Amino acid sequence: EAGVAQSPRYKIIEKRQSVAFWCNPISGHATLYWYQQILGQGPKLLIQFQNNGVVDDSQLPKDRFSAERLKGVDSTLKIQPAKLEDSAVYLCASSLLSGRRPGELFFGEGSRLTVL
Amino acid sequence: GEDVEQSLFLSVREGDSSVINCTYTDSSSTYLYWYKQEPGAGLQLLTYIFSNMDMKQDQRLTVLLNKKDKHLSLRIADTQTGDSAIYFCYMGRRALTFGSGTRLQVQP
């Protein structure tokens with residue numbers, strides 16, 4: 001079974017530039033999450049999708065961050081314009097709605113963003 | 001306070017046992033999970049426990065759950081250098097609830 005795919009793995013940009021990250025979840029997983037992990041901290045949920053609808057985006061800085069999952073499969077997270085404090089690893093995860101262990105998350109390798 | 005709290009750092013010698021502790025506030029989860037994060041990688045599921053169990057053993061791993069005190073622990077027997085990583089407890093019901101994780105350092 002293929003895992004969660006993310007790209008790019010690494011991105012370096014200057015502040016005020018824009019960046020986009022892509023995620024393809026495990027086939028059949030209805031729920032998709034984007035997390036921000038700042039160095040030395042645990043993952044913080046930015047947005048949760050169920051199919052192509054948003055379940056929770058309460059911690060997404062909507063003035064600069066946006067995310068979409070148009071067809072209920074892959075997803076894009078965009079930052080525009082980027083700030084220095086956006087330097088972090090952006091993790092995508094997916095899960096089944098129900099099944100053996102509901103709520104179990106499957107993570108991608110992450111996209112590391114450095115803002116200069 | 002935070003939804004999930006863990007001590008930040010644990011150092012053990014190779015071959016010793018490691019115990020990583022987690023306290024939580026939300027007791028509504030059916031399953032409670034332990035995830036492992038190696039440097040430069042995403043989180044991987046390590047083990048889990050069903051909420052109506054007190055203990056689960058899985059090879060070198062033992063998970064203990066004290067629901068009264070809302071305390072979850074992970075014991076790693078015969079700790080190896082490959083166990084060096086950050087360990088997160090996770091309450092399956094609320095995707096928000098990752099703590100800061102415990103960094104386990106294993107000294108040869």
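We use all heavy atoms of the structure for the numbers below, so side chains are in, but hydrogens, waters and symmetry mates are not. Because the structure is predicted, anything quoted here is derived from the model rather than measured. Naming convention: chains lettered A, B, ... in sequence-line order (proteins, then strands); numbering from 1 in each chain.
For the set A:Gln6, A:Arg9, A:Gln37, the count of heavy-atom pairs under 4.5 angstrom toward chain B peaks at A:Gln37.
The contact between B:Tyr35 and chain A is made entirely by side chain atoms (from C-beta outward), counting heavy-atom distances below 4.5 Å. Proximity to chain B is limited to the backbone of A:Gln41, based on heavy atoms less than 4.5 angstrom apart. Heavy-atom distances place the side chain of B:Gln37, and not its backbone, under 4.5 Å from chain A. For a residue to count as touching a neighbouring chain, one of its non-hydrogen atoms must lie under 4.5 Å from one of that chain's; by this rule B:Leu45 touches chain A with the side chain only.
A:Leu46 places none of its side-chain heavy atoms less than 4.5 Å from the side chain of A:Tyr35. Considering only heavy atoms from C-beta on, A:Asp57 comes within 4.5 Å of A:Lys62 through its side chain. Contact of the A:Asn52 side chain with the A:Leu70 side chain is not registered, since no non-hydrogen atoms from C-beta on lie closer than 4.5 Å.
Put simply, the residue from B:Arg103, B:Gln6, B:Arg75 that forms a side chain to side chain contact (heavy atoms under 4.5 Å, CB included) with B:Ile20 is B:Gln6.
Annotation for A:Gln17: atom CD counts as buried by contact number, over 12 foreign heavy atoms lying within 6.0 Å.
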